[in-house]
Structure formats: C-alpha cells, structure tokens
Amino acid sequence: MPPDFTNADLQNVTFSTGPGSPLAGAADLDITGLDLRNMTQYGSSFSVSELAQDGFAAGQFTTVTVESDGTIFARYSNGQTDPLGQVALAKFPSPHNLQPHGNNAWLETFDSGQPILGAPESGDFGGLQAGALEQSNVNISEQLVKMITAQRSYQANAKMISTQDAITQELMNATR
C-alpha cells in the first residue's frame, strides 16, 4: 500500500508489501528521515528538456574479425565491437625436430623442446594476416590426388558416352 502523504510529519514512511500489494512477498521498505515539506510541483505540461543517451541501439551479430595482434572481435550491426579473445602462438627452440603427424600437423618431441607461447606481434613472434591463406596450409599432394581422381572419373564418363554414341550410330545404320 502506498504511504499516506497527507500527514505533515513524513519523517518515517513504511511501504507495506503484504497481501494485495504489487510487491507481495518482499520485505517491507522502511524509509526514515524523509522530509517533503520543501518540495514544489509546478502545474505545467510535461516536456522533455534534455535527452542524453547512455547506451547503444540494439544490434545484430554480423561477423567475426581477427586483428594482426590476434585479437578476435565480434562485430554488430549497430557499429559496436566486442573482443572475444586472442589467438596464442607457439614456437619451439628446435622446430626442425618436430615430428610430422599428417595434414600439416606436427607433434612435440624431446629434441624439439617445450613450446613457448606468446601473443602475435609480441617479442619475436610474428603477426597474423586475417583472411590470408598460406601455401603451407594446403596439402598439395592430397589436392593433386583428388584432381587426378576427378580427371579419371571424367575420362571414364566421356568414354562411356562415346561408346554409347557409337552403339547408337551402329543401330541407326543397321536399320536402314
């Protein structure tokens, strides 16, 4: 129930949260030292005299970008960006002693040493080039085998069509 503001002595006000109150179930709110005697209300229309925005318009996720220092950003349609994390790089004291594991993967060995982790563009770690593909990321042998397989399939299909065309031609000549 709202307090009774007709009382001239409003030093202590209690907002009851009992049954029937919009805040039913919450603890009562006690306000002490309230003095409303010097308040003034002017009888005029309400209007906004100042508008200050303290937030951003709603935005939808649009894309993820990676900066050269490895920071990964989520970008939104309202122009805002949110850093999600940072890519870590590893280097080895003796990288030529890493063990090949296939598909451009390498395993640490005793001779390669322990990995040294760091952020891109820090110390003697290199930077990142977002959206670029290095040749080392493509297994050329695997791609060549796939291309040869596709070429042989194409040739077999072409030979089948050629044979079928020859049989059809022979049938047409035989019926004349």
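Residue numbers count from 1 along this sequence. This one's a predicted model, so the numbers in the text were calculated from it and none came from an experiment.
From I167, atom CD1 reaches atom CD of E170 across 9.5 Å, with rounding to the nearest 0.5 Å. Distance CZ/R75 to CG/L84: 10.0 Å, rounded to 0.5 Å.
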Could you walk me through whether L128 and V66 satisfy the side-chain contact (heavy atoms from CB on, under 4.5 Å) test, starting with their C-alpha distance in whole Å, then the side-chain angles of each, then the deciding distance to 0.1 Å, before giving a yes or no?
CA-CA 8 Å; L128 296 180; V66 181; 4.1 Å; yes
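Sorted pairs that involve residues 78-87 and meet side-chain hydrogen bond (donor to acceptor under 3.5 Å, both in side chains), not counting sequence neighbours, are lacking altogether.
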Taking only distance into account, with no hydrogens and no angle test, what donor-acceptor pairs under 3.5 Å do side-chain atoms of residues 148-157 form with protein atoms, sequence neighbours excluded?
residue, atom, partner, partner atom, Å
T149, OG1, V145, O, 2.9
S153, OG, T149, O, 3.1
N157, ND2, S153, O, 3.4

Do any side-chain atoms of residues 114-126 form donor-acceptor pairs under 3.5 angstrom with protein atoms, and if so which ones, sequence neighbours left out?
residue, atom, partner, partner atom, Å
Q114, NE2, E108, OE2, 3.3
E121, OE2, S68, OG, 3.0
S122, OG, A119, N, 3.4
S122, OG, A119, O, 2.6
D124, OD1, K91, NZ, 2.2
D124, OD2, K91, NZ, 2.8

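For E142, the side-chain hydrogen bond (donor to acceptor under 3.5 Å, both in side chains) partners are K146, not counting sequence neighbours. In this structure P100 satisfies the side-chain contact (heavy atoms from CB on, under 4.5 Å) test together with W106, sequence neighbours excluded. Among residues two or more places apart in sequence or in another chain, the side-chain hydrogen bond (donor to acceptor under 3.5 Å, both in side chains) test is passed with S94 by H96, N97.
Side chains of V64 and I72 form a contact here, defined as non-hydrogen atoms less than 4.5 Å apart. With contacts defined as side-chain heavy-atom distances shorter than 4.5 Å, the pair V87/D69 does not qualify.
The two residues S112 and F92 have their closest heavy-atom pair at O-CB, 3.7 Å.
Side-chain N or O atoms of T71 include none that pairs as donor or acceptor with a backbone N or O of E67 at under 3.5 Å.
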